[in-house]
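Reviewing the structure listed below.
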Amino acid sequence: MSVQKFVLAMIGVLLAGGALAQDSVELTSSVYKQVLVEKDDGSTETQLVAADNVLPGDRLVFRNTIRNISAEPAESIVITNPIEEELVYVAGSAEGEGMAIEFSVDGGQSFAAANALRVVDNGIERPATTKDYTHVRWVMQTELAAGAEGTTSFAADVE
Amino acid sequence: MKTASQRLAAAGQRTRACVFACVLLAYGAQANAAGTAVGTVIENTASVSFDLGGTRTTIVTNTTTLTVAERVDVVVTLASPQLLVAAGDANRALLFTVTNTGNGSETFSLGSDNAIGGDDFDPIAAVPAIYFDSDASGDLTAADVAYTPGVNDPVLAADESVDVFLVNDIPAAVANGDIGRSRLTASSLTGTGTPGTVVVGAGDAGTDAVIGTTGGEASAEGEYVVSDIAVNVVKTQLVQDPFGGSEPVPGATITYTVTLEVVGSGTATASVFRDPIPTYTTFLPGSITLNGASLTDAADADAGELDTATAATIVVRLGDLTLADGTQTVEFQATID
């Protein structure tokens, strides 16, 4: 990397979704509460509602929308979302079309598929559970064309 | 004098059933951990890295911020077994545990109710009727502080619990086997009602409070069962040695006198007195008497015998006994080997 490119990259990091995002890629996050609603016929369905008055035991859905607002395709896109300490990832909930989904159990230093994760607990290695997850990330398998949009989501329960 | 074991034997089946139910209740309460504390801020910031025009760039998103609200929940469990009581008993205390299963600090009011359908009598609430188990002894003692509504309503942190006594008197006009129930209710002062109801601004740390699945109110019932019947047994012995004295030497005769008396109301049906002949003594044949009348050693038509099937044991069938039958006296003799 040339010095010039490095400086540009650093500016990109520092501006973090600010001015530079205007002519590149946008990422917006939103959070909803997932509730079970009873319908007139007695059956129930899940709905996403505003995340007001979040309580222990509530299920939250985090959604990230990525949009390429530049005139060129964006490549090697990786979206990373931390899973806060008070949250427990809901197994199988992460979604993202055309994306490989990986998890971290070490604070985001390394990532692997769900079934490949292991943790060391009191000196004994064991398969990781969803409670161990610290981050989830989506690795886009294709490029994102100019003007195109993609969505990722996952659910987590409030402890 | 009624002993605990005699009373328990009178209603053992019910007691066991209750203990099992209580264990289940306690387990249920345990599962209701309060969870993330009210006021906890959950922030989420995602990031994206990408290559654009040959440059690797990472940007972060807007941060979503959630503040955990207060969930108002309470659980009341009965900690006492079914209490065996006698007619006219005073200050019989049932022990309950009130647990704040919400995620914030909460103040609860306590109340009692003895007019419960389906039982045989209404216990009479003592004045005051509710005490805290201040000395954590599990028994109502002089050190325990009475509860006064609005004055010392218990304030419990998330997951915290307090032990509370409900104190009642037993009416004089109750029959053996009658059951009376008493209920303790704990209600959140923040609010009670349909789960999901929002009490704006009433939560800790400036949050809204939300009524949880318990409705912010919980109760449990304790049970008294009248078990007046008890059989008092007193055994005495008199030693006569071969030399005219009272030394317990080999060859001395021991006269055992056992008095049995029913106290309280009810009938001790098919009462049987059994007493093994002590080790190092030998039963003196023909020495059994009931209320002064001799009984043969053989298993025959009369009320008593020496049962030698396993160890030598005196058996006297007393039949159905009530208070009106008065004291029954069994005597027998053995010699020291």
Side-chain angles (χ1 to χ4, degrees), chain A residues 1 5 8-9 11-13 15-18 20-21 23-31 33 35 51-58 60 62-66 68 70-87 108 136-138 140 143-144 150 152 156-159, chain B residues 31-73 100-104 158-159 195-214:
Chain A
M1 187 184 281
K5 274 187 178 173
L8 275 174
I11 289 170
V13 170
L15 292 181
L20 198 76
D23 54 359
S24 57
V25 167
E26 257 183 9
L27 184 68
T28 48
S29 286
S30 49
V31 58
K33 192 155 72 171
V35 293
D52 295 330
N53 287 326
V54 169
L55 298 175
D58 280 353
L60 303 175
F62 293 89
R63 186 175 283 169
N64 297 313
T65 302
I66 182 172
N68 183 355
S70 76
E72 323 171 43
E75 296 167 341
S76 305
I77 293 171
V78 178
I79 299 168
T80 307
N81 205 132
I83 300 167
E84 298 302 316
E85 201 181 328
E86 298 83 10
L87 302 176
V136 52
R137 80 175 184 186
W138 294 262
M140 206 173 223
E143 60 176 33
L144 187 66
T152 68
D157 291 337
V158 181
E159 283 191 305
Chain B
N32 275 322
T36 305
V38 58
T40 302
V41 176
I42 301 176
E43 291 186 332
N44 185 63
T45 309
S47 63
V48 59
S49 301
F50 53 92
D51 287 340
L52 195 66
T55 305
R56 187 84 182 148
T57 306
T58 298
I59 60 171
V60 295
T61 61
N62 56 302
T63 298
T64 60
T65 303
L66 300 171
T67 303
V68 175
E70 179 172 350
R71 189 187 61 204
V72 177
D73 269 323
N100 176 6
T101 53
N103 65 336
D159 269 340
T197 304
V198 176
V199 188
V200 176
D204 293 354
T207 64
D208 292 345
V210 182
I211 306 303
T213 51
T214 62

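Sequence lines set the chain letters: A, B, ... in the order given, protein chains first and strands last, and positions in each chain run from 1.
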*So which of A:Pro73, A:Gly57, A:Pro82 has the biggest tally of heavy-atom pairs under 4.5 Å with chain B?*
A:Pro82
*Compare every heavy atom of B:Leu52 with every heavy atom of A:Ser70, then report the nearest pair and how far apart it is.*
OG-CD1, 3.4 Å
*Looking at B:Asn103, B:Thr207, B:Leu66, B:Thr67, which one has more heavy-atom pairs under 4.5 Å with chain A than the rest?*
B:Leu66
*Non-hydrogen atoms of chain B under 4.5 Å away: do they reach the side chain of A:Asn64, the backbone, both or neither?*
side chain
*Looking only at heavy atoms, which two atoms of B:Thr36 and A:Glu86 are closest? And how far apart?*
CG2-CG, 3.7 Å
_For chain B, the option from A:Ile79, A:Leu27, A:Asn81, A:Leu144 that forms the most heavy-atom pairs under 4.5 Å_ = A:Leu27
*Looking only at heavy atoms, what is the nearest atom pair of A:Pro56 and B:Val68, with distance?*
CD-CG1, 4.0 Å
*Does any heavy atom of chain B fall under 4.5 Å from the side chain of A:Glu159, the backbone, both, or neither of them?*
both
*Which bit of A:Ile83 is near chain B, if near means a heavy-atom gap under 4.5 Å: side chain, backbone, both or neither?*
neither
_Segment of B:Val198 engaging chain A (4.5 angstrom heavy-atom cut-off)_ = side chain
*Is the number of heavy atoms from other residues, nucleotides or ligands within 6.0 Å of CD (A:Glu72) greater than 12?*
yes
*Against chain A, label B:Thr63 side chain, backbone, both or neither, depending on which of its atoms sit under 4.5 Å from a heavy atom there.*
neither
_A:Ile77 versus chain B, the contacting section by heavy-atom distance below 4.5 Å_ = both
*List the atom of A:Glu75, the atom of B:Arg56, and the distance in Å for their closest heavy-atom pair.*
O-NH1, 3.9 Å
*Report the option among B:Asn44, B:Thr40, B:Ile42 that has the most heavy-atom pairs separated by less than 4.5 Å from atoms of chain A.*
B:Asn44
_Ignoring hydrogens, what is the shortest heavy-atom contact between B:Ile59 and A:Val25? Give both atom names and the distance._
CD1-O, 3.0 Å
_Taking A:Ser30's backbone N and O only, do any of them form a donor-acceptor pair with B:Thr64's side chain (distance below 3.5 Å, no angle check)?_
no
*Nearest 0.5 Å, what's the CG-CZ distance between A:Asn68 and B:Phe50?*
8.0 Å
